[in-house]
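All values below were derived from every heavy atom in this structure, side-chain atoms included, with hydrogens, water molecules and symmetry-related copies excluded. We count ligands from 1, going down the list as the structure has it; atoms in each ligand are counted the same way. These numbers come from a predicted model, not from an experiment.
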Amino acid sequence: MKYNGYAYIYTIGCQMNVYDSEKLALILNSYGFKKTNDMDKADIVVCNTCSIRHKAEEKAFSFLGRFAKIKKKNPHLITVMAGCVAQQEGEKAFERIPHLDIVLGTQAFSRFGQHIDAIKSGVQRVVDTKDCQMIYEAMPDASCFDENKISGFVTIMQGCDNYCTYCVVPYVRGRERSRKPESIMEEISLLATSGVKEITLLGQNVNSYGQKEAQMSFPELLARINKIDGIHRIRFATSHPKDLSINLIYAIRDLDKVCNHLHLPVQSGSNKILKKMNRGYTREEYIDRILTLKKECPNIALSTDIIVGFPSETDNDFNDTMNLLREIEFDSIFAFAYSDRSSAPAAKFSDQIDEKEKRERLNNLLQLQEQYTEKKNKELIGETFKVLVEGKSIKKRGGFEQTHKNMEQMTGRTESNKIVHFPSEHVNIGDIIKIKIKNAYRHSLWGHPVGV
Ligand code: SAH
Ligand code: SF4
Ligand code: F3S
């Protein structure tokens with residue numbers, strides 16, 4: 001049935017959730033609900049949730065909890081918990097949020113429409129945490145989405161089979177499965193036609209794309225996407241160190257549209273902890289792969305994820321991680337304090353680390369990394385890079401405004417994923433222009449357009 005009304009979608013979590021929310025918006029649109037940024041106007045409110053850490057989960061409950069009062073005033077409002085927390089909680093979600101209408105698990109999106117119909121026809125509560133083997137093949141296309149979008153996500157895989165002992169993903173996203181290459185190519189071509197210049201391919205472990213299905217490998221998929229007209233940049237996340245093949249390294253080196261940036265989560269620098277995490281590689285193997293990568297792609301920018309305070313992590317183990325940062329000199333890191341997830345095996349491990357200790361380690365690690373992030377950025381001063389223009393700079397930098405008083409400040413990214421601010425001279429969002437780097441800070445670069 002087609003309705004008239006507005007949908008408000010609140011997204012928590014990773015890039016895959018951002019992509020999923022776009023799909024939810026398209027489904028809602030096909031049911032007659034237009035997207036709104038004004039919550040008060042909404043006839044349906046969807047929270048697309050994340051359960052990776054306790055804090056993310058709490059954010060979802062507190063957001064949805066707020067609607068108890070609002071629903072008293074407007075009983076026709078439909079509230080939906082979608083995504084990873086929904087999958088994890090199922091029926092239990094109603095214990096904390098009794099006014100919830102729909103609990104939509106991670107594999108239930110294609111059935112969302114029929115659940116809205118059910119609620120509209122008077123059904124009280126719907127829970128759908130059932131499986132679905134298909135990955136977006138049967139979903140509405142992405143062609144008509146945001147017209148001004150220059151960068152888009154495309155999910156190429158679902159689930160994970162790696163079972164890292166701290167992680168909920170295999171339990172909330174199911175077994176690893178790869179989307180059909182034709183379906184991926186079709187979506188990227190549609191995005192290119194609508195003006196998208198850069199795509200980021202998403203999956204929990206994109207390196208193992210197609211392996212289970214014995215279909216096209218990830219480097220082969222990259223080569224195919226590299227040929228799509230209109231797409232200028234290809235990014236992907238996340239890569240698992242144990243599956244970083246030499247063919248993928250060659251693909252990064254040889255395919256002109258594949259960006260010279262790799263996000264390769266290491267999680268810890270201690271072999272003892274890596275083993276307990278079930279990561280499937282040692283510190284030495286990780287370093288070895290990075291060395292091969294740097295040999296083949298000397299200008300590659302590297303980023304990683306780190307967990308501190310995993311059960312039984314001693315000062316020595318933590319120092320191994322600190323030393324790994326010193327040795328590799330990542331361009332940037334994402335670091336997290338270990339968060340106990342009851343569905344993941346590590347919740348039962350002994351020697352859980354005190355919260356205060358975790359915070360201290362996290363702060364020390366982040367402080368150490370700041371030096372390297374700044375150092376890596378400073379090394380780029382004097383060089384010229386192609387920058388994809390993303391929009392106006394939100395934060396104005398006082399000093400530079402003095403020298404370029406009459407000009408707008410724009411922002412964009414290098415291929416290596418560094419943010420660059422620059423004074424604008426008639427550039428448009430989506431342009432790719434050359435910028436000479438004049439100055440570098442911890443989180444951004446400053447430069448001037450060359451030859452404009
Ligand atoms: N599939 C990716 C990452 C998925 S989750 C990979 O394998 O690297 C994103 C990041 O969240 C992880 O890399 C990890 O650093 C962090 N993370 C996952 N579970 C966590 C937990 N229980 N506590 C703290 N951080 C966690
Ligand atoms: Fe989680 Fe590990 Fe899978 Fe990444 S590889 S999603 S950390 S289980
Ligand atoms: Fe969170 Fe689910 Fe992504 S748990 S990190 S939203 S896969």
Open item on the list: Check for me whether the distance between the ring centres of F236 and F218 falls short of 6.0 Å.
Closed with: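 Here the rings of F218 and F236 have centres that are less than 6.0 Å from each other.
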
Open item on the list: Before we go on, tell me: are the rings of F330 and Y372 under 6.0 Å apart, centre to centre?
Closed with: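 No: the rings miss the under 6.0 Å criterion.
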
Can a donor-acceptor pair be found between the side chains of [X] and [Y] at a distance below 3.5 Å?
X    : Y    : value
D20  : N48  : no
H443 : N377 : no
S270 : S268 : no
N207 : S239 : yes

Task: All pairs passing salt bridge (charged side-chain N to carboxylate O under 4.0 Å, His left out) where residues 311-339 contributes a residue, at least two apart - done: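 Only K272-D317, R283-E327, E313-R361, D315-R361, E329-K375, D331-K418 qualify under salt bridge (charged side-chain N to carboxylate O under 4.0 Å, His left out).
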
Open item on the list: With salt bridge (charged side-chain N to carboxylate O under 4.0 Å, His left out) as the criterion, how do R233 and E390 come out once you've worked through the C-alpha distance, each side chain's angles and the decisive distance to 0.1 Å?
Closed with: CA-CA 13 Å; R233 287 181 169 185; E390 289 179 359; over 6 Å; no

Task: Near atom 2 (Fe) of ligand 2 (cut-off under 2.8 Å), count of protein N, O or S atoms - done: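 My tally for this metal is 1.
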
Task: Qualifying side chain to side chain donor-acceptor pair (under 3.5 Å) pairs, either residue in residues 60-69, two or more places apart - done: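 Qualifying pairs: none.
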
Open item on the list: Residue-level breakdown please: for M16 versus ligand 3, do any non-hydrogen atoms fall below 4.0 Å on the side chain, on the backbone, on both, or on neither?
Closed with: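 The answer is neither.
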
Open item on the list: With heavy-atom distances below 4.0 Å as the criterion, list the atoms of ligand 3 near N17.
Closed with: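 Those qualifying, in numeric order: 6 (S).
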
Open item on the list: As an exercise, identify every atom of ligand 3 less than 4.0 angstrom from a heavy atom of Q204.
Closed with: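 Within the 4.0 Å cut-off of Q204, ligand 3 contributes 7 (S).
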
Open item on the list: Let me check your reading of the structure: within less than 2.8 Å of atom 2 (Fe) of ligand 3, is there an N/O/S atom from C84?
Closed with: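 Yes - counting backbone and side chain alike, C84 has an N, O or S atom under 2.8 Å.
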
Task: Selection from C50, G13, C14 by shortest heavy-atom distance to atom 1 (Fe) of ligand 3 - done: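 Among C50, G13, C14, the closest heavy atom to atom 1 (Fe) of ligand 3 comes from C50.
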
Please identify which of these residues, [options], meets the salt bridge (charged side-chain N to carboxylate O under 4.0 Å, His left out) condition with [X].
X    : options                : value
D161 : R173, K212, R177       : K212
E198 : K386, K257, R235, R413 : R235
R96  : E91, E58, E57          : E58

Report each N/O pair between ligand 1 and the protein that falls under 3.5 Å, naming both atoms.
unit_1	atom_1	unit_2	atom_2	d
ligand 1	1 (N)	Q204	O	2.9
ligand 1	1 (N)	Q204	OE1	2.9
ligand 1	7 (O)	R279	NH1	3.4
ligand 1	11 (O)	R53	NH1	3.1
ligand 1	13 (O)	Q267	NE2	2.8
ligand 1	13 (O)	D305	OD2	2.6
ligand 1	15 (O)	Q267	OE1	2.7
ligand 1	17 (N)	R53	NH1	3.4
ligand 1	22 (N)	Y166	O	3.0
ligand 1	22 (N)	S339	O	2.9
ligand 1	23 (N)	S339	N	2.9
ligand 1	25 (N)	R53	NH1	3.2

TODO: Among all protein heavy atoms, pick out the one at the shortest distance from atom 4 (S) of ligand 3; state its residue, atom name and that distance to 0.1 Å.
DONE: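 Looking at atom 4 (S) of ligand 3, the protein heavy atom closest to it is S51 N, 3.3 Å.
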
